[in-house]
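Since the structure comes first, as structure tokens, the remarks are kept for the end.
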Protein chains: 2
Amino acid sequence: MATSYQHQKAGDLNFLKRLNRSAILEMVRRVPGLTRSDIATQAQLTKATVGSGVQSLLNQGWLKEGELQKSSGGRPGRALHLNDDRHYLLGAEVGVHRLRLVACAPSGKVLEAHHEPFVPTSPESTASLVAELLQQLMRSPAVSNRENLGVGVALPGPIATGEAVLRRAPNLGWRDVRFLDLLHPHLPELKGVWLMDNEAKLAAFGELYFRTGKIPESLIYVSAGTGIGSGMAEGSHSPLLTRGVQGLAGEIGHTILQPGGLYCHCGNRGCAETLVSGWSIRANLGIDEKDDLIQALGSRLQEPDVKRTLRRAGEALGMLLLNLHHTQNPAEIVLGGSLTQLGSTFLDPALTYFEANQHRLLGTTERVPLRVVEDSTFVAARGAAAQVLARAIHGPELS
Amino acid sequence: MATSYQHQKAGDLNFLKRLNRSAILEMVRRVPGLTRSDIATQAQLTKATVGSGVQSLLNQGWLKEGELQKSSGGRPGRALHLNDDRHYLLGAEVGVHRLRLVACAPSGKVLEAHHEPFVPTSPESTASLVAELLQQLMRSPAVSNRENLGVGVALPGPIATGEAVLRRAPNLGWRDVRFLDLLHPHLPELKGVWLMDNEAKLAAFGELYFRTGKIPESLIYVSAGTGIGSGMAEGSHSPLLTRGVQGLAGEIGHTILQPGGLYCHCGNRGCAETLVSGWSIRANLGIDEKDDLIQALGSRLQEPDVKRTLRRAGEALGMLLLNLHHTQNPAEIVLGGSLTQLGSTFLDPALTYFEANQHRLLGTTERVPLRVVEDSTFVAARGAAAQVLARAIHGPELS
DNA sequence: GAGGGTATGTTCAAGCTCTTTACTTAGTTG
DNA sequence: CAACTAAGTAAAGAGCTTGAACATACCCTC
């Protein structure tokens, strides 16, 4: 896996070359329009090294040259840009209620996307359907003349570091599923990077990796849907995901938020999910599992018991966010998942609680930004694509 | 700082050389008695590279050769060991009630240690005292003929990544203290690595870095004393600490564990510290802040209200541990701090709760080991020394 | 508009590190 | 004691970064 770690960090000259090429590529990707000179300064490399590295990346089609920049007294530098037209990445998410798929350009731009309702079935038939939908995506005109770099799959459950096994997906009823092994036979022609990972972790990765401009040094994505999960990505160069030995990192839905509280489906009492989650809201308001939660509540948002339920759930979410702040202290928190569509009745209490309490310990005014994703439909699938790109860039691909 | 991250990861040939030397040194440090051939296999380097690297580390006094190993059919390899007699590291901890100092050998062996009661005073006078005690340590015969590699200081409060500033230490009444800047004038002759970091984070680092044998891929240290803090170290080669942007990572004492619960000194309600911490136990049992908590309770452990208070605090601790398990999922949890001296009345409920619930999500039998440190007096100071060693090994020191 | 100034980018020999290959060393085995 | 095996070493060779000189492109001034 991406953060599966090199057992010992040692390397040869080729490793060094790749390292420098990757660094150049990442820099240009993050700051479009950088010149060779800028790169040399920031990466502490010599002009000559950068020159040859850039040349090779140009030849391979990873980079392209842009316009001459304004001169600052001497010869103007030539802007460099990521070549966004040559490659593409595939990302898929197997959700509890939907399948979502994207084909992305290296910049993160979605070239082609597709989602459709999905009734949880066996891993095998799901893999077969995912493969079919991926092939449709690959045949679409927007990507057909590009080179594929690989495919990533986001799944709703814990996946341990180093092994491509979905340990358990309670909402799908799956257990110990090697999804890539099921998918691969259907797509034998698909070369490049193959990976699978937890949905919230990939979303966190994508939100950080595809960002341009000012890049936070770490980011937590909170996925609030049927259950509550989170993922943390760290490091601006090539972010690493915190997975935990068993892949349980980020399972904040099962952190205890109310000792002696209600029983959770996991068997324990007082889990955060008993206070805030799709299923707890359904249980509180008597909404059938077959009905779409958002639609069912859309017309009832003014009812007192709905308002009260959503407000309480929102407050619990705020506490969860504060707990993340005081446990992992990311530079930014991004909130996504279907529950964010419930709007301000649900979200305001969460944001308010977090804002009111995030300064308790330091008393300073510096703020950890908390952002709600506008549309989280493809966030995880796009994050899977982001991981594919990261591995392509840092893997042996660039000669 | 140690995890202050290289802005861009690029390097020259010298960087590569240092990388390989560091890798060799780490491997031998972790597995004493390794041969050149073992190293070459594990690090994927050629025999020649390893040979010259080892030679240079031998010349510099980092390594020493041991006995010939048993032959496995051919020429026997020569065992390599960390030279534990040439260098030493200094670590200090400024605690709420004590100063603790150690001088360590590179293996982690404590060569000389000292602790004494400490009445919280100004940062300046504290620095002056720490400097004096460090100098006493340096004059002791056990270290006087060794070369010093640097000094590390552990402090009870958040310290952000990249800046050596103690943001706030509520239990000392300190704020924005640049402790190293205060310490340095007193010890101008002390060259090498200088660092300061949070107490629990350094303890976590030390527990992971000085371990030999089977090394967990990540470790959380929970420091249960006046307040509750934690630190997470990750990565077996050279572990990294999770600090968080503002240094608030691991401030689990201020995660919410009881919505609407008691007010905490931080101003918020329901913090874990209101349920489990030195001060909450004092408050519950009416023990004066001037008296030593452990001594005061030592004779009262059979009293019903004491037993009840400790049991409840222990249960809360168990929930905190489970929350860490479901948020960061470390490969091992180590429990330390003065409260561990309260014994089984306090600890058993915590361990029992954790054991009973850690398998909820996966249902497997693999267990995250939870260990209580026997004597946590010097754990943080030793961790500071560990960081010094790590930076010396991975810094420019080894030519 | 010609010339000096300045910063960018390129070229090429030189230097350093890892690698390859052949060889030496040290112990086992029959 | 000769054949075998594996560890370690030495020296030539390959590859990447470097340093210095050079070419390029624009600005500013006269």
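Each chain gets a letter, A, B and so on, in the order the sequences are listed, and its residues count up from 1.
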(message) With a 4.0 Å cut-off on N to O distance, would you call E65(A) and R36(A) a salt bridge?
(response) yes

(request) Answer yes or no on whether R29(A) is positioned over the face of F210(A), meaning its NZ or CZ is under 6.0 Å from the six-membered ring centre and within 45° of the axis. (result) no

(request) Test the R382(B)-F205(B) pair against the cation-pi criterion, namely NZ or CZ under 6.0 angstrom from the six-membered ring centroid and within 45° of the ring axis. (result) no

Using whole Å, what does the distance between atom [atom2] of nucleotide [N] and atom [atom1] of [X] come to?
X: R21(A); N: dC16(D); atom1: CZ; atom2: P; answer: 7 Å
X: E65(A); N: dT10(C); atom1: CD; atom2: P; answer: 7 Å
X: L68(B); N: dA6(D); atom1: CG; atom2: C1'; answer: 13 Å
X: Q44(B); N: dC18(C); atom1: CD; atom2: P; answer: 15 Å
X: L13(B); N: dG19(D); atom1: CG; atom2: P; answer: 11 Å
X: R78(B); N: dT24(C); atom1: CZ; atom2: P; answer: 20 Å
X: L19(A); N: dT17(C); atom1: CG; atom2: P; answer: 17 Å
X: L45(A); N: dG19(D); atom1: CG; atom2: P; answer: 12 Å

(request) For G51(B) and for G74(A), locate the closest nucleotide of DNA chain D by heavy-atom distance; then report the residue assigned to the nucleotide nearer the 5' terminus. (result) G51(B)

(request) State which of dC18(C), dT18(D), dT20(C) makes the closest approach to the side chain of D12(A). (result) dC18(C)

(request) With the side chain of T46(B) defined as its heavy atoms from C-beta on, choose the nearest nucleotide among dT19(C), dT17(C), dA7(D). (result) dT19(C)

(message) I'd like to know if the side chain of T35(A) pairs up with that of R78(A) as donor and acceptor (distance under 3.5 Å, no hydrogens or angles considered).
(response) no

(request) Tell me yes or no: between the side chains of S56(A) and Q60(A), is some donor less than 3.5 Å from an acceptor? (result) yes

Hey, does [X] reach any base, or is it just sugar-phosphate, or nothing, if we go heavy atoms under 4.0 Å?
X: T49(A); result: base
X: G77(A); result: sugar-phosphate
X: T35(A); result: sugar-phosphate

Phosphate contact ([N] OP1 or OP2) by [X] side-chain N/O below 4.0 Å:
X: N20(B); N: dT17(C); value: no
X: R36(B); N: dT9(D); value: yes
X: K17(A); N: dC16(D); value: yes

(message) Whether the side chain of R75(B) and the base of dA7(D) hold a donor-acceptor pair under 3.5 Å is what I'd like checked.
(response) yes

(request) Please tell me which of A79(A) and S52(B) maps to the more 5' nucleotide of DNA chain C, matching each residue to the nucleotide holding its nearest heavy atom. (result) A79(A)

